Amino acid sequence: MELADDDPFGVHNLPLCAFGAGCCSWVGVRIGDRILNLAGAEHEGLVDAGGAFDGEHTLNRFLARGRPTWTRVREQLTELFTDPKRRGAVEPLLFNLAGVRLNLPFEVADYVDFYSFEEHATNLGKLFRPGAEPLLPNWKHLPVGYHGRAGTVVVSGTDIPRPWGQRKRPDESAPTYGPSERLDIEAELGFVVGVDSEGAVSVDDFREHVFGAVLVNDWSARDLQAWEYQPLGPFTGKSFRTSISPWVVPLDALDAAEVPGRRQDPEVLPYLRGREHYGYDIRLEVFWNETLVARPPFEGMYWTPAQQLAHLTVNGAFARTGDLYASGTISGAVAEETGSFIERTWNGAQPVRLADGSTRSFLLDGDTVTISATAPGVDGAVVAFGEVTGTVVKQS
Ligand SMILES: O=C(O)/C=C/C(=O)CC(=O)CC(=O)O
Ligand SMILES: [Ca+2]
Ligand SMILES: [Mg+2]
């Protein structure tokens, strides 16, 4: 197994996935450009997950096992991939990435989407509610969010049919029905719950419940959204599809990426406080038909993932294995750091120029959007998240 020292999918990363070849599918772990079949590895006695991989097509059973199992398996894999004497045992269980299908890595239980980047919330406030105070009075007291549609979360590479629905153009007095004319993206990170809870999860218990993170593209039809969203929030404008990356990067791979959380003023209520307050230095890149159009910085997140989980369960709601909660659109202070095209082009007023010379405000049929991300790993290594990609197709 050849692996360059600076491979962003080296032993410091070890993202998990679900994959298939021919009629079969398994769960696996990525190492370099290959995937180790985890059920096979457990059969051969190379790892011990207590049978959580056996016959499984998604990661859910393993995710439910919790931190002691996650840690043990990670240690066993690290040993396995670094010991040259065990190469002979590992090789037969490896698949080349190029020869497999990457499936949805886990069965999504509930899907929640937050709104936790101050720059994004301020920008959208200005664009959706011109003349009003962009940040509503609750925004700095709780992580605002909504429940999305778990059943339409799809894996990277899945085509995105342009949604149809009701929209009312500014110059029209009544709504019309038709294809969205303002199809957009939202570049986000999603956190994956492994261990369920009977009710409230404290900020300090975040790592006992959350296994890792995926990249998310929360496709958004701005015209449908603008007409339907008040007073109950996003609905058909966002529920048609949400794409996630095939790799679940363990929180354990992100230790070196931890950074102090943003200062929160006013002070938050006690249930949103923990012993520590940290975020992650993760840098995203957004490509529109292969042109790099933005680099959203995750570091600027106002509400941390631990606070988001505490808030989403504070009322006694259970957390369940497979719950996915997304960070909210990641946007920094300048246009080149925004994670949506409505911000990047300021509602179409400042179109972006792509490498082929064409310009864009919103997505056209045939356009492909790819979001990738990296984070610092231990000893100068880089942790890659891979990518989440999707192509907009005309709805037939
Ligand atoms: O402010 C609004 O009315 C709309 C906000 C969004 O569309 C953003 C959203 O879905 C949450 C996020 O990704 O930050
Ligand atoms: Ca969103
Ligand atoms: Mg969406």
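All values reported here derive from a predicted model rather than from experimental measurement.
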Quick one: does [X]'s side chain have a donor or acceptor within less than 3.5 Å of a partner on [Y]'s backbone?
{"X": "Ser197", "Y": "Gly199", "answer": "yes"}
{"X": "Thr374", "Y": "Val382", "answer": "no"}
{"X": "Asp323", "Y": "Asp110", "answer": "yes"}
{"X": "Thr71", "Y": "Pro68", "answer": "no"}
{"X": "Thr152", "Y": "Ser239", "answer": "yes"}
{"X": "Thr345", "Y": "Phe341", "answer": "yes"}
{"X": "Ser220", "Y": "Arg222", "answer": "no"}
{"X": "Thr291", "Y": "Ala355", "answer": "yes"}
{"X": "Glu188", "Y": "Gly328", "answer": "yes"}

Is it true that [X] and [Y] make a salt bridge, defined as a side-chain N closer than 4.0 Å to a carboxylate O?
{"X": "Glu75", "Y": "Arg72", "result": "no"}
{"X": "Asp83", "Y": "Lys85", "result": "yes"}
{"X": "Arg262", "Y": "Glu299", "result": "no"}
{"X": "Arg30", "Y": "Asp7", "result": "no"}
{"X": "Arg61", "Y": "Glu56", "result": "yes"}
{"X": "Glu172", "Y": "Arg167", "result": "no"}
{"X": "Glu336", "Y": "Arg295", "result": "no"}
{"X": "Arg207", "Y": "Asp255", "result": "yes"}
{"X": "Arg283", "Y": "Asp281", "result": "yes"}
{"X": "Glu267", "Y": "Arg273", "result": "yes"}

Is it the case that over 12 heavy atoms from other parts of the model lie below 6.0 angstrom from the [atom1] atom of [X]?
{"X": "Arg162", "atom1": "CZ", "value": "yes"}
{"X": "Asn138", "atom1": "CG", "value": "yes"}
{"X": "Glu198", "atom1": "CD", "value": "no"}
{"X": "Asp5", "atom1": "CG", "value": "no"}
{"X": "Phe318", "atom1": "CZ", "value": "no"}

**OP:** Give the intermediate values and the outcome of salt bridge (Lys or Arg N to Asp or Glu O under 4.0 Å) for residues Arg263 and Glu118.
**Re:** CA-CA 12 Å; Arg263 203 175 77 80; Glu118 186 170 356; over 6 Å; no
Are [X] and [Y] linked by a side-chain donor-acceptor pair shorter than 3.5 Å?
{"X": "Ser243", "Y": "Trp219", "value": "yes"}
{"X": "Asp113", "Y": "His147", "value": "no"}
{"X": "Thr58", "Y": "Glu107", "value": "no"}
{"X": "Ser358", "Y": "Asp356", "value": "yes"}
{"X": "Thr321", "Y": "Asp196", "value": "no"}
{"X": "Glu186", "Y": "Thr329", "value": "yes"}
{"X": "Ser331", "Y": "Thr338", "value": "no"}
{"X": "Gln166", "Y": "Thr176", "value": "no"}

Interatomic spacing from [atom1] in [X] to [atom2] in [Y] - rounded to 0.5 Å:
{"X": "Leu309", "Y": "Asp205", "atom1": "CG", "atom2": "CG", "value": "9.0 Å"}
{"X": "Leu93", "Y": "Asn37", "atom1": "CG", "atom2": "CG", "value": "6.5 Å"}
{"X": "Ile31", "Y": "Leu97", "atom1": "CD1", "atom2": "CG", "value": "12.0 Å"}
{"X": "Glu387", "Y": "Asn217", "atom1": "CD", "atom2": "CG", "value": "12.0 Å"}
{"X": "Lys238", "Y": "Asp184", "atom1": "NZ", "atom2": "CG", "value": "8.0 Å"}

**OP:** Only one of His141, Gln307, Lys140 passes side-chain hydrogen bond (donor to acceptor under 3.5 Å, both in side chains) with Gln264; say which it is.
**Re:**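 Of His141, Gln307, Lys140, side-chain hydrogen bond (donor to acceptor under 3.5 Å, both in side chains) with Gln264 is met by Gln307 alone.
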Decide yes or no for [X] and [Y]: does some side-chain heavy atom of the first lie under 4.5 Å from some side-chain heavy atom of the second?
{"X": "Val216", "Y": "Leu189", "result": "no"}
{"X": "Pro260", "Y": "Tyr278", "result": "no"}
{"X": "Ser327", "Y": "Phe298", "result": "yes"}
{"X": "Glu181", "Y": "Arg169", "result": "yes"}
{"X": "Trp26", "Y": "Asp54", "result": "no"}
{"X": "Ser245", "Y": "Phe385", "result": "no"}

**OP:** Among residues two or more places apart or on two chains, list those pairs meeting ring pair (Phe, Tyr, Trp, His ring centres under 6.0 Å) that have a residue in residues 152-177.
**Re:**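 Listed once each, the pairs are Trp164-Tyr177.
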Original post:
In the hydrophobic clustering (ILVMFWY, side-chain contacts below 4.5 Å, transitive), which residues join Leu272, or is it alone?
Top reply: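 Once heavy-atom contacts under 4.5 Å are chained together, Leu272 belongs with Tyr115, Leu124, Leu127, Phe128, Leu135, Trp139, Leu142, Val144, Tyr229, Val268, Leu269, Tyr271, Tyr302, Trp303, Val314, Ile342, Trp346, Phe362.
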**OP:** Evaluate the side-chain contact (heavy atoms from CB on, under 4.5 Å) criterion for residues Tyr325 and Leu312: first the C-alpha distance (whole Å), next the side-chain angles of each, then the deciding distance (0.1 Å), finally the verdict.
**Re:** CA-CA 9 Å; Tyr325 66 96; Leu312 98 82; 4.0 Å; yes
Contacts table for residues 18-25: side-chain donor-acceptor under 3.5 angstrom, sequence neighbours left out:
from, atom 1, to, atom 2, distance (Å)
Ser25, OG, His57, ND1, 2.7

Subject >> Same apolar cluster (I L V M F W Y, side chains within < 4.5 Å links), Val388/Phe287 >> reply: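 The answer is no; the residues belong to distinct hydrophobic clusters.
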Subject >> salt bridge (Lys or Arg N to Asp or Glu O under 4.0 Å) between Arg34 and Glu91, intermediate numbers included >> reply: CA-CA 10 Å; Arg34 310 223 256 171; Glu91 283 288 339; 3.2 Å; yes
**OP:** Measure up the Phe211 and Phe62 rings against each other and bin them: parallel (under 30°), tilted (30 to 60°), perpendicular (over 60°).
**Re:**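 Geometry flag for Phe62 against Phe211: perpendicular rings.
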**OP:** Taking all non-hydrogen atoms of both residues into account, name the closest pair between Ala384 and Asn13 and its distance.
**Re:**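 Heavy atoms only, the tightest pair is O-ND2, 2.9 Å.
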**OP:** Taking the six-membered ring of Trp70 (Phe, Tyr or Trp), confirm whether the NZ or CZ of Arg65 is under 6.0 Å from its centre and within 45° of its axis.
**Re:**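 So Arg65 doesn't make the cation-pi contact.
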